[in-house]
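Numbers restart at 1 for each chain; the letters A, B, ... are given by sequence-line order, proteins then strands. All of these numbers come straight from a predicted model, not from anything done at the bench.
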2 protein chains.
Amino acid sequence: MRSVTDSDSRATPRRTRAEQRQQTEGRILSAARELFAEHGYDRTTIRAVAARANVDAGLVMHYFHSKDGLFTRAAKLPPDDLPDGAPSEVAEALLASLGKRLEAEPVASLAVLRSILTHSEAAEGFRAAGRRRVDQIKTAIPVGDAELRAGLISAIIHGVVAERYLLRTSVLADASPDEIVNLLRPCFQVLVGLSATSGGPVDAPHG
Amino acid sequence: MRSVTDSDSRATPRRTRAEQRQQTEGRILSAARELFAEHGYDRTTIRAVAARANVDAGLVMHYFHSKDGLFTRAAKLPPDDLPDGAPSEVAEALLASLGKRLEAEPVASLAVLRSILTHSEAAEGFRAAGRRRVDQIKTAIPVGDAELRAGLISAIIHGVVAERYLLRTSVLADASPDEIVNLLRPCFQVLVGLSATSGGPVDAPHG
DNA sequence: TCCTTCGTTCAACGCTCGTTGATTGAACGA
DNA sequence: TCGTTCAATCAACGAGCGTTGAACGAAGGA
């Protein structure tokens with residue numbers, strides 16, 4: 001219950017300036033990620049971020065120059081690369097990646113997702129990531145409408161994640177990741193060009 | 001290109017008070033729906049709605065009492081009832097309903113959808129509608145995890161609609177409704193409990 | 001006709017927000 | 001040790017917002 005980042009930032013004065021700054025910046029970024037994920041860009045106040053990070057609002061401005069700057073830094077996502085290969089492998093890789101996102105809340109990713117519909121910068125970043133994903137999937141699907149198929153898979157993933165974590169639709173919020181992944185498996189297989197009943201592990205319907 | 005509701009609300013003074021009021025209210029509601037759908041709840045200003053409706057902001061308050069009141073009225077949706085029956089029929093009905101929503105922008109529905117992630121009232125209305133839909137679908141699916149299956153279908157529909165109209169992801173925004181519906185058909189059939197290749201019209205893959 | 005009703009406008013209040021600039025005091029380099 | 005750097009605070013500005021209440025003028029009823 002006791003850590004270095006306690007309520008008073010000057011509790012342990014035995015730190016170099018660089019350490020101090022890095023630590024404070026980190027605290028601000030964590031607070032920002034949480035609040036952006038919880039309330040979205042517009043409803044998240046610089047003052048609120050500062051308060052959660054035990055810091056003055058002016059300091060947030062000093063470090064990140066603007067609210068947009070803070071969001072850009074806080075919502076920066078590592079590019080998720082799925083291995084290309086046979087369609088069945090791609091389908092399984094997509095399902096595994098989805099499963100991982102359903103195991104534990106991906107806070108930074110939720111910060112973007114929550115703000116996507118009302119903040120143009122978040123939307124643009126999301127579209128760019130979507131294009132990358134579509135291009136990756138496309139190369140593994142040997143059909144003419146590969147782009148649309150990849151786009152649909154993307155839409156399904158984001159729809160499920162959004163309803164589970166942002167909207168907390170009870171059905172999806174309570175389900176186990178495995179249940180969801182198993183039900184979605186035939187969908188992904190079909191969209192990837194496979195028949196629904198061939199290739200990859202297919203579980204019997206639950207219950 | 002010419003209608004009674006032109007820029008000047010006093011252009012045709014030959015109207016009774018009730019007509020006048022109803023007309024102005026309608027103009028305000030249309031403007032509100034458009035702006036809520038375009039920018040979401042937070043970024044839509046009462047002043048902006050009033051300006052688009054060629055009316056003073058105070059009048060909007062006078063008629064709707066608050067911004068929330070305006071949103072509630074503007075975002076009121078007619079309940080979409082899909083016929084219950086055999087799983088295959090339900091799947092087709094869901095696909096048809098999706099197809100309709102993909103043919104023409106459903107503005108009122110988009111106003112809700114755009115505001116869902118940041119406005120709690122919109123979220124609650126959405127969840128309620130979702131529960132109704134899930135209950136409807138559930139009765140037609142004879143398996144144990146019917147609720148989750150229905151929830152997934154819901155999530156897919158909203159994911160697709162959101163990416164097409166709100167995010168305007170190029171792949172989904174440019175595709176024809178038929179292409180989307182046909183690709184999604186096997187997914188819905190599987191989720192509804194059918195095998196992907198039996199029952200209902202199944203098109204050959206496009207291209 | 002006169003008084004009431006009501007659609008509509010206008011100016012303003014109070015609040016919150018992003019942002020700024022001055023200021024303080026401790027860490028730092030010479 | 002002394003002057004500089006820089007993390008951090010504080011008070012304030014200006015803009016935009018939802019909301020209010022007074023005021024005006026045309027429609028409606030007696």
> Tabulated below should be each protein N or O lying under 3.5 Å from an N or O of nucleotides 22-24 of chain D; please produce it.
none

> Can you tabulate the close N/O pairs, meaning under 3.5 Å, that link protein atoms to atoms of nucleotides 3-7 of chain D?
| unit_1 | atom_1 | unit_2 | atom_2 | d |
| --- | --- | --- | --- | --- |
| D:dT5 | O2 | A:R17 | NH1 | 3.1 |
| D:dT5 | O2 | A:R17 | NH2 | 2.8 |
| D:dA7 | OP2 | A:R21 | NH1 | 3.3 |
| D:dA7 | O5' | A:Y63 | OH | 3.4 |

> Between P on C:dG18 and CG on A:D56, what's the gap in Å once rounded to a whole number?
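After rounding, the gap between these two atoms is 13 Å.
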> Identify the stems formed by DNA chain C, where each pair is Watson-Crick or G-U wobble with both distances under 3.5 angstrom and a stem is at least 3 consecutive pairs.
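Counting only runs of 3 or more consecutive pairs, the stems involving DNA chain C are C:1-30 with D:1-30.
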> Can you tell whether the side chains of B:R185 and B:E92 come within less than 4.0 Å, N to carboxylate O?
yes
> If you measure from the Lys or Arg side-chain nitrogens to the Asp or Glu carboxylate oxygens, is any gap between A:R164 and A:E179 under 4.0 Å?
no
> For A:A104 and A:Y165, which heavy atoms make the closest approach, and how far apart are they?
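It is C-OH, 3.7 Å.
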> Which value, rounded to the nearest 0.5 Å, describes the distance between B:L184 atom CG and A:C187 atom SG?
8.0 Å
> Report yes if a donor N or O on one partner sits less than 3.5 Å from an acceptor N or O on the other, where the partners are the side chain of B:R47 and the base of D:dG16; otherwise report no.
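No, the side chain and the base share no sub-3.5 Å donor-acceptor pair.
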> Decide, yes or no, whether a salt bridge links B:E124 with B:R127 under the criterion of side-chain N to carboxylate O below 4.0 Å.
yes
> Between C:dC17, D:dT19, D:dT9, spot the one nearest the side chain of A:V55, thanks.
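Selected nucleotide: D:dT9.
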> Under 30°, 30 to 60°, or over 60°: which ring-plane class applies to B:H119 and B:Y41, parallel, tilted or perpendicular?
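The arrangement is parallel - the two ring planes meet at less than 30°.
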> Indicate the atoms forming the closest heavy-atom contact of B:A37 with B:L166, along with that distance.
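Smallest heavy-atom distance, with atoms named: O-CD2, 4.1 Å.
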> Should B:T16 be listed as having a side-chain N or O under 4.0 Å from OP1 or OP2 of D:dA27?
no
> Identify whether the distance between the nearest side-chain nitrogen and carboxylate oxygen of B:R73 and B:E25 falls below 4.0 Å.
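Yes, this pair counts.
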> Under a 4.0 Å threshold between the charged nitrogen and the carboxylate oxygen, would A:R132 count as salt-bridged to A:D135?
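No, no charged N to carboxylate O under 4.0 Å.
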> With rounding to the nearest 0.5 angstrom, report the CG to CD1 distance, A:L98 to A:I180.
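Rounded to the nearest 0.5 Å, the CG-CD1 separation comes out at 7.5 Å.
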